[in-house]
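Structure record follows, encoded as structure tokens.
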Amino acid sequence: MSKTQPEVIHGGGDIQNTDHKRGKKRKRKGGDAGVDLRKGAGKVTKFDDEEQPIEEIIPSTVPTTSTETPKPADPGQLVHAKYGEAPNAEQRLKGHQPKQPEKQTGKQPNHVRDEREKQKEQPKKVPSRPWKTANGGQSTYQSHHLIKKRDELLPKRKALPIWPQADSIRQRLRENNVLVLTGETGSGKSTQVPQFLQSEDWCIKTIAITQPRRVAAISLARRVSEEMGSLFGAQSPTAKVGYSVRFDNAAGPNTKIKFLTEGMLLQEMLRDPEMKQYSAVVVDEVHERSVNVDLILGFLRNLISKIESGKGGRKHPLKVVVMSATADVEGLVNFFAEGLEQDQKALETSSVPKTISQATRDRISTCFVEGRQFPVKTTYLPEPTLDWVECALKIIFQIHYKEPLPGDVLVFLTGQDKIEALEKLVNDYAAAMDTGMPKLLALPLFAALPQQAQQRIFQPTPYRTRKVILATNIAETSVTVPGVRFVIDCGKSKIKQYRSNLGLESLLAKPISKSAAIQRQGRAGREAPGQCYRLYTENDFKALEERTMPEILRCDLSQSLLTMKARGVNDVLHFPFLDQPPRETLGKALMQLFHLGALNEDGTINDLGIKMAKLPVTPMLARIIVEATNPEFDCLLDVVDIISALSTEDSIFFNIATEEKREQAEEARRNLYRREGDHMTFLATVQQYAEEQTDRKAWCERHFVSHRAMQSVMNIRKQLRQQCIQLKLLSSEAPTSNSTPNTDAILACILRGFVSNTARLCPDGSYKTFFRNQLVAVHPSSVMHGRKIKAEAIVFSEFLFTNKSYAKKVSAVQMNWVEDVMKEVVPM
DNA sequence: GAGCACTGC
């Protein structure tokens, strides 16, 4: 048996997985030969040692704590897969979402439905009649395979902490419509709760279960379909388990359990406010408090109040399960109870009732499930330190000298600069270690790191080596690092905060919250008892905030408010927010929407606003798209290309580490760079990439452009074009690429969306914003950075404060253009 | 001369 998790997690046996395994086998055979997996690439030997136990590979001289090592197939660990560990690996290796077979939307023949009904009565029975697969044949074999897998998984499911509570959970939801379920990490709640509910009498429609991240939605869906012995997603229209994430909808007419990202559920709520296609909505990972989760909870609270007071148009029940890892049960119960109480007292009264009666509170069920976590011993610094990089270095070596192998170290740092600094230090000191010592392998981990480098944390630790993973808070939620027994926590993380009065985002290292510190600490106890070193004093810990400030209190609300308005929530000031954003922030966001032309003077949404809300981009970018359809400008396709590039998360022009490489890259990118600025540079890049028909990957390599980013750009571009056709902004005829882009028209449109992000050149060569006269520097990542001849005015699509105010994604404009748009937007 | 982490019709 292998002790590594990724293999345990998928086992689905598709080609990617097999490759993944092979890669690791080679690696393991290579043993202490080195770290670089790619060395052996291509030379596939034999794989008959597939099941060779790790003990036979690692000589017995290596100190192990094998008695503490949990069973590799621990279902508790499998649940963690939703944090994206293995599928993340798989997916990121591919560079984009796994391609699903063509969606099959054909109507279900009656016999299939009958099968479904039968199965519902006797969930353990196998459908006697194998379904037809797209390629025919194989289905019987496949069905046996699925059932075998399902039966194998059943004992593991039964061992999950949540299993004994199944009846209790079902009972509580029969009594009440809302259940608040606190399930610690490893309890199995995400995979089991939907399965507990699917055979209930009230459950005649689909169960939706939301996830903050795409990979989590997909990997959970795969896991649950295996546990149910069902096909998965788009494999067959009869599949009972599906998922829906951006660019990839794998749910069909027979989907009983559907995992979706929070954003997708919100979009569905726009089309179907009463959620008639669902019998239950399970909101998972509520403790992460994403903006989307807050909106979903507000909408659900309104909907439940409406249903319970008999006003809804729904014909069948709707059950809501709110699942959280931390125990803020009280807050969530009160939140929903308040909705019920308020409804009884007639919705007109806007004042929130101060007291909630016990009777109302009893209408919200609660449930607590313990997790599966090993104890973690925590150590604090006796005195505070300023240099925690140095401090982390000492502790790493202290652990390495004192503690037996295996046991990797995970260090939480704030950002790339600190990670790279510490990486260098660890490597330098490790090189000077006594040759008799086990080796140390420092592995950086942050989102901007190329995928291949990120994958290294999943490769098995080489012989007589201890991994030291140096990570940002990507390792807190998104990536589960296997093999960690020691955590070092610097107590800080970089947080993005939007200041609506300045229209500026800041990205600064701030102290983390207690719950984040506990989350980090817990990463040491996933596989065995662990240790956590906090690089601050116990008093510092006690002084931390209890919870991380929810995102909704620190982000630009204009997009959320536009979504709400489009869904018919006009009075956004009285929307039930779990945490009420300051009135001023709401007001600023409303003003912004008004200036963008999305709202009427009375604050109601207009046709333009409805169109903007339907575009999957920020309101500013949506306004630019609509502006481009103005006959005066007529540059929609070019603008869509630019917006696609602006809205991809990873940068198209990745950073280059060494000086000589950088010069090489500048040279290679020269025919992409445009003197008009970043936006026209993006346009040239997208268009040249799109024109490349033979080998786009090679094109990217030649131009030092990120292929992964460009694939994502093309996905967004396709989606935006489709949406433009639906909104009748674009005629459906095949779009033809323009001869020469009309720069002036394009920049005029960009100006319309970003009037407030404009600055003029001052005599001393600096830029100051038009509105607030605030000093702003052109970011070094811009093609406009360091120009000798400076533009008289600039427009920028990002405004960020780190060590000073930076304009990112900048274009040169003429002073009178800015004045013209300003007159139009804010008539004086 | 610099880059916390997610996500959507």
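For clarity, every value in this text was computed on a predicted model and none was experimentally measured. Letters A, B, ... mirror the listed sequences (proteins, then strands); counts begin at 1.
- Counting non-hydrogen atoms under 4.0 angstrom, A/Ser493 reaches nothing in the nucleic acid.
- Backbone-only engagement by A/Thr802 is indicated by non-hydrogen atom pairs under 4.0 Å involving sugar-phosphate atoms exclusively.
- Between A/Phe653 and A/Tyr673, the ring planes are perpendicular. Angles over 60° get that label, and only those under 30° would be called parallel.
- Aromatic rings of A/Phe299 and A/Phe575 (six-membered ring for Trp) have centroids within the 6.0 Å cut-off, being under it.
- Using a 4.0 Å heavy-atom cutoff across all strands shown, A/Val291 reaches no nucleic acid atom at all.
- A/Glu268 comes within 4.0 angstrom of no nucleic acid atom, judged by non-hydrogen atoms across all strands.
- A/Glu262 comes within contact range of no nucleotide atom at all, as no heavy-atom separation falls under 4.0 Å.
- The residue A/Ala613 sits close to a base: some heavy atom pair falls under 4.0 Å.
- Here A/Thr472 lies in heavy-atom contact (under 4.0 Å) with sugar-phosphate atoms only.
- Counting any heavy atom pair closer than 4.0 Å across all strands shown, A/Ile495 reaches no nucleic acid atom.
- Under 3.5 Å, the side chains of A/Ser290 and A/Asn292 contain no donor-acceptor pair of N or O atoms.
- Base engagement by A/Leu615 is indicated by at least one non-hydrogen atom pair under 4.0 Å involving a base atom.
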